[in-house]
Number of protein chains: 2
Amino acid sequence: MDRKTRLRQSGLSCTRWRYNILKILKDSHLPLTSKDIYKMLPTPKPNLATVYRNLNRLVEKKLVRCVTLGERARYYELIQPDTHKHRIICKTCGQIEAFEPVGCDLKSFEKLIKEKFNFKVEEHSLEFFGTCPKCQSFHSQR
Amino acid sequence: MDRKTRLRQSGLSCTRWRYNILKILKDSHLPLTSKDIYKMLPTPKPNLATVYRNLNRLVEKKLVRCVTLGERARYYELIQPDTHKHRIICKTCGQIEAFEPVGCDLKSFEKLIKEKFNFKVEEHSLEFFGTCPKCQSFHSQR
DNA sequence: AAGTGTTTGCAAAACATTTGCAAATACATA
DNA sequence: TATGTATTTGCAAATGTTTTGCAAACACTT
């Protein structure tokens, strides 16, 4: 489905910036901050407030998900069916890798939570923090 | 080991506020924000900047861990051996529950990451977002 | 008790994000 | 295609969290 139709289906008008922000998120395999997105938008740039307003609108309509990755700023990513990802984040350089859950067995956790706390789980996030190959070798050099 | 000795061992002097902040974190079973801690500190209150500076110092010395839980502000928690916890967060009221990993099988993930990306995992965080019992019943009432 | 380095309070700066308001735009309808 | 209405935008200012510079106060060694 094209982006314009997708926006319409969610009850959002298809404005220049909304369209472009959605496109950028679609083309990115990693979550992006508002600043990242701002930089990637074509010149003439919109106002940063416009980027924020659009991101909030997209999150509200569940086209986009907002995540925090141990950082001060929020990251945004397109919600796509069946592509929930886990992340690996380098504590040294901040690089983010995504990886598909292989036989992700978090379902058993969710069941446990339901039974024990009567808590209805809607989503989860799993992040691994550590050192990426590049930073490991940089470290060992000195 | 008492807090004073613990601070000393980490190369930190034992100041009034440092001591109190560590005590508050020790007594809390949930992660706290800088504001939470500020409120819990005895009167006369320190400056908020002092709370931040101490938290950063404690994190740097690995007595305390800083986590973000899908919120704008950071949370801090005492690092204690063998008590790594996973969390359940209510998206409606913000309530946080901790639960001990039962037969936590994330080790297999870490191994996979090591093999596939050559990424050295140091820690991980696993959070479940959903609706707590209270908010579920509130919802169904109306 | 004195000396030195660390910590504190205060005020201001630095960021990320939000908001009010008037002008510009998108879209449905004529 | 022109027009009306609701939504979106730019701008500037506000908000909320965290950091920083500096002089005074404090912790700890001797």
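Values below: all heavy atoms of this structure, side chains included; hydrogens, waters and symmetry mates excluded.
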With nearest nucleotide decided by heavy atoms, which residue, B:A49 or B:R18, maps closer to the 5′ end of DNA chain C?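 It is B:R18 whose nearest nucleotide is closer to the 5' end.
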Short question: side chain of [X], backbone of [Y] - any donor-acceptor pair under 3.5 Å?
X	Y	value
B:Q136	A:N118	yes
B:S28	B:L25	no
B:R18	B:S13	yes

Pairwise 5' ranking along DNA chain D for B:L12 and B:Y75, keeping only the more 5' one: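 So the residue in question is B:Y75.
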Closest-nucleotide ordering on DNA chain D, the 5'-leading residue of B:R74 and A:G11: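 With A:G11 and B:R74 compared, the 5'-side residue is A:G11.
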In residues 21-39 of chain B, which residues come under 4.0 Å of DNA chain C by heavy atom?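 Result for residues 21-39 of chain B: none.
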OP1 or OP2 of [N] sitting under 4.0 Å from any side-chain N/O of [X]?
X	N	answer
A:W17	C:dT25	no
A:R57	D:dT8	yes
A:R16	C:dA24	no
B:T50	C:dG9	yes
B:S13	C:dT7	yes
A:N54	D:dT9	yes
B:N56	D:dT18	no

Nearest-Å distance, [atom1] ([X]) to [atom2] ([N])?
X	N	atom1	atom2	answer
B:N20	D:dA27	CG	C1'	15 Å
B:R8	D:dT29	CZ	C1'	10 Å
A:Y19	D:dT8	OH	P	18 Å
B:E60	D:dT19	CD	P	12 Å
A:Y52	C:dC15	OH	C1'	9 Å
B:L41	C:dG9	CG	C1'	15 Å
A:Y76	C:dA16	OH	P	12 Å
B:N47	C:dT8	CG	P	10 Å

Answer with yes or no whether the side chains of A:T131 and B:E122 bring together a donor and an acceptor at under 3.5 Å.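 B:E122 vs A:T131: donor-acceptor pair found between side chains.
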Tell me whether A:D2 is salt-bridged to A:R6, with the criterion being a basic N under 4.0 Å from an acidic carboxylate O.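 No salt bridge links A:D2 with A:R6.
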Run the salt-bridge test on B:E77 and B:K26 with the 4.0 Å N-O cut-off and return the result as yes or no.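 A salt bridge is absent here (no side-chain N lies under 4.0 Å from a carboxylate O).
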So does A:R53 reach the base of C:dG20 with its side chain, donor to acceptor, closer than 3.5 Å?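 Counting by modelled atom types and ignoring angles, a donor-acceptor contact under 3.5 Å is found here.
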So how far off straight is the helix from C:dA1-D:dT30 to C:dA30-D:dT1, going by the axes through five pairs at either end, to 10°?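 Roughly 30° between the end axes, to the nearest 10°.
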N/O donor-acceptor pairs under 3.5 Å from side chains in residues 35-43 of chain A, not counting sequence neighbours:
unit_1: A:D36; atom_1: OD1; unit_2: A:T33; atom_2: OG1; d: 3.4
unit_1: A:D36; atom_1: OD2; unit_2: A:T33; atom_2: N; d: 2.9
unit_1: A:D36; atom_1: OD2; unit_2: A:T33; atom_2: OG1; d: 3.1

Residue pair A:F129 / B:V121, side-chain heavy-atom distance below 4.5 Å: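 Heavy-atom side-chain distance check fails, nothing below 4.5 Å.
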Does atom NZ of B:K45 have more than 12 heavy-atom neighbours from other groups under 6.0 Å away?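 Yes - once you tally the heavy atoms of other residues, nucleotides and ligands closer than 6.0 Å, there are more than 12.
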Ring centres under 6.0 angstrom apart (A:H124, B:H86):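 No, ring centres 6.0 Å or more apart.
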